[in-house]
Amino acid sequence: MSQQKVDQYKKEKYNRKKQLEIEKRTQLTYRIAGSIVAIALVGWIGFSIYSRAEANKPASYTEVNMNAINDYMGTLN
C-alpha cells in the first residue's frame, strides 16, 4: 500500500464513529419525515371519504304540528 492509501485509511477509521452517527441521524430524520407524510396522507384520505359520505347523506326533516300552540295564542288575545 502506498502512504497515501494508508493515511486515507487511518483518516476514515478515525472518523468512522462520527460518520455512523451522522448516517443514523439522517436515517432517523427520513423515517420521521416519512411517517409524518404517511399519517397526513391517511388522515387526508379518511377526511375526504368522511366528507363525501356526509354530503351524500340525505337530510332529515321533522314536521311539527303547531295547531295547538296557535289555538292557545289565539285565546290569549
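Remember, predicted model here, so these are calculated numbers, not experimental data.
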_Determine whether Lys11 and Gln8 satisfy the following criterion, side-chain contact (heavy atoms from CB on, under 4.5 Å), listing intermediate values before the conclusion._
CA-CA 5 Å; Lys11 194 180 290 185; Gln8 186 175 353; 5.6 Å; no
*Linking I/L/V/M/F/W/Y whenever any side-chain heavy atoms sit under 4.5 Å apart, do Met73 and Met66 land together?*
yes
*If you measure from CD on Glu21 to NZ on Lys18, what distance do you get to the nearest 0.5 Å?*
9.0 Å
*Are there more than 12 heavy atoms of other residues, nucleotides or ligands under 6.0 Å from atom CD of Gln4?*
no
*Give the cluster check for Val42 versus Ile45: same hydrophobic cluster or not, with ILVMFWY residues linked at side-chain heavy-atom distances below 4.5 Å.*
no
*From CG (Asp71) to CG (Leu76), nearest 0.5 Å*: 11.0 Å
_Let me check something: do Tyr61 and Val64 share a hydrophobic cluster, defined by ILVMFWY side-chain heavy atoms less than 4.5 Å apart, either directly or through other members?_
no
*Check the pair Leu28 / Lys24 against side-chain contact (heavy atoms from CB on, under 4.5 Å), numbers first and verdict last.*
CA-CA 6 Å; Leu28 180 64; Lys24 285 182 182 180; over 6 Å; no
*Roughly how far apart are Leu20 CG and Arg25 CZ, rounded to 0.5 Å?*
11.5 Å
*Flag yes if Ile49 and Leu41 sit in one hydrophobic cluster, no otherwise; membership is Ile, Leu, Val, Met, Phe, Trp, Tyr, and two members link when side-chain heavy atoms are under 4.5 Å apart.*
yes
